[in-house]
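Proteins come first, then strands; the chains are lettered A, B, ... in the order of their sequence lines, and each starts at number 1.
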Amino acid sequence: MTAALLETHALSKHFGALAAARQIDFRLDAGARHALIGPNGAGKTTFINLLTGVLRPSEGRILLKGQDVTNVAEANRVKLGIARTFQINRLFRGLSVLENVYIAVSERIGAASTMVAPAGRRPDVIEESMHLLDTLNLQDDAQLRISELPYGRQRLVEIAIALGLKPEVLLLDEPAAGVPSAESHIILNAIDELPKHIGVLIIDHDMDLVFRFAQRITVMVQGAVFAEGTPKEIGANADVRAVYLGQASHG
Amino acid sequence: MSATAAPSGLTGPALELSEHPAARMLIGRHRLRWWEPTPWILAIAFYFAFPSYLGFGTDLLITILFALSLDLALGYAGILTLGHAAFFGAGAYTVGLLAFNGVWSEPITSLILAAVVAAVVGFASGLVLLRTTGLTLLMLTLCTMLLLEEGANMAHEYTGGFDGLPSLSIPPIFGIFEFNPLYPHTQYIYSLVVLFVGFLLVRALIYSPFGQSLTGIRENMLRMHAVGSPVRWRLVTCYTISAAIAGVAGGLWAQTNAYVNLTTLSLDRAATVFIILILGGYGRLYGAFVGAVAYMVLSHFLARVYPTAWQLGLGLLLVVIALFARNGILGISESLWRRIQTMRRPS
């Protein structure tokens, strides 16, 4: 078996007595469409924070293309190809949509440390940012400030910033959270159109989205992997239905 | 979607994208606008119109430079500091000590030395302090400045303590233009030129990709980590440059006043420049100019009319600004301008 794009071995995180992640073995392949589900407090966001380096694990290892990145700082993991979006928008609210993406692209290209030449004289960065907005159907909003955008479009900018980093691994933390149902199709379309070679891990509560999107599903409960399989297997798993799907269908 | 998007290869769509209003705005952002020469024209007009106020004018120019250095750190990078006089004082004492002890007093190279010393202080303190943010950072920058002030006070053998270092002799610039305390023409022009150079530097920085990343840090530091930005390194770099410019302002102050004292390191000075920036509008480049002019002219005339209670007027103004105009005088003018523009536009 070839090395996975991203894998974890016995990854654990303790906050005092609380085990937010327990012995997680996980594998994400290039081009994968993988979903992570679980009830509230199952440790899904903790797991994302461990993968991106926001948190350091108490035990275990994280490998990116076979290379141990367990102790690599957050910003450096981005350079290695791991990008994420946030459950709650973390955008540059006072700046335009284009500037938001410009910041991400210029960091990736290495233009962001340029001090003397103006930002406007980097047509490469501007072109690429505009193209990205174009592919996400955000070009008409490019000059608007984030604070002037409807919430659903702000969620798209989250994705645009992450894509500006040209990731190999993309972690989407509840991309459609808080988006009114009338707008949620724009997020779903954007997810459908993600570049095929990227390994995507999505966390979401929306079962329609998860079952439409995922080729594999991992179910987490109380910090540990409870079940893993294809959507069919997970849908047919009586234990999973008991702990999770049964509840979710009411909400 | 798939029918309209053809992003690869052709120059056609690429050209269209760069002509998009958002792209055009970003491409042309750094270009000189028609009104930008105004402050410099006014400053030169001031020289001829008010020859008896040139001492005041010199002080004003130095304050603008100092406020500009704070704007880079506070307004653009969002570094919340109440201790910026630490660098002003570091620059002032560098010039003062060198000149007082007869080591070195040539004005322009002295300013460069002041910049270097202030930058070293900024780099060293920034390396430690910029791990923190918000109120913690505010308190720590304040403490650093007060420590320096007390240090300068206790080392009175060298610094003259509370009395400072009087009657520095500063040689003429290029050996020609003399500093005359009674007719400060040279001081004024000299300060204006230094301010202009400092302004060009700050202006270039804020419109650069580096400046854009500073704005990103101000707007959302956590997101900047998540786009792979070396946030702390950027902040330390910005803080060091800001400190160097503040040091130049302090050095200028020492040279044009021909003395140094503890007020250069005081909370009073740090708080004043902070207020000036809030008053003018921070993160706006010209806020430093507008704020310094408004503050200094107002305090000058209020002090003349109400010698005992002039600070009350400034206090009231600041309360009004804090309540109704968070973005300062420039913020008010910008929103007025926008309102006029939308009224003019036929619907």
Requested in this report: Output the option from A/Leu91, A/Thr85, A/Val97, A/Asn76 having the highest count of non-hydrogen pairs under 4.5 Å with chain B.
Outcome: A/Leu91
Report summary line: Shortest non-hydrogen pair, A/Ile103 vs B/Gly216, comes out as CD1-CA, 3.8 Å
Report summary line: In short, B/Val227 meets A/Leu165 closest at the heavy-atom pair O-CD2, 3.5 Å
Query raised in the report: Quick one: CZ on A/Phe86 to CG on B/Asn220, what's the gap to the nearest 0.5 Å?
Result: 7.5 Å
Report task. Among the options B/Pro230, B/Ala226, B/Ala204, pick out the one with the most heavy-atom pairs lying under 4.5 Å from chain A. Result -> B/Ala226
Report summary line: Checked B/Arg234, B/Met224, B/Arg223 vs chain A; the most non-hydrogen pairs under 4.5 Å come from B/Arg223
Report summary line: Answer key: most heavy-atom pairs under 4.5 Å with chain A among B/Met25, B/Arg29, B/His30, B/Arg24 is B/His30
Query raised in the report: Roughly how far apart are A/Thr114 OG1 and B/Leu205 CG, rounded to 0.5 Å?
Result: 11.5 Å
Report task. Rounded to the nearest 0.5 Å, what's the gap from CG on B/Leu26 to OG on A/Ser129? Could you check? Result -> 8.0 Å
Report summary line: chain A shares the most heavy-atom pairs under 4.5 Å, among B/Ser213, B/Pro209, B/Ala22, with B/Pro209
Query - Which portion of B/Ile241 sits near chain A, non-hydrogen atoms under 4.5 angstrom - result: side chain
Requested in this report: Please flag which part of A/Ser113 lies under 4.5 Å from any non-hydrogen atom of chain B: side chain, backbone, both or neither.
Outcome: both
Query raised in the report: In Å and rounded to the nearest 0.5 Å, what is the CZ to CG distance from A/Arg90 to B/Leu222?
Result: 4.5 Å
Query raised in the report: If you round to the nearest 0.5 Å, how far is CD1 of B/Ile27 from CD1 of A/Ile126?
Result: 4.5 Å
**Report entry** Residue selection (most heavy-atom pairs with chain B, distance under 4.5 Å) from A/Lys79, A/Met115, A/Arg77, A/Arg108
**Finding:** A/Met115
**Report entry** Heavy-atom pair count under 4.5 Å with chain B, highest-scoring of A/Pro118, A/Ala142, A/Ala117
**Finding:** A/Pro118
Requested in this report: Report yes or no: does B/His225 contribute a side-chain atom to a donor-acceptor pair with the main-chain N or O of A/Glu74 at less than 3.5 Å?
Outcome: no
Requested in this report: Heavy atoms only, distances under 4.5 angstrom: which of A/Glu107, A/Arg84, A/Glu99, A/Arg93 has the most pairs with chain B? Name it, please.
Outcome: A/Glu107
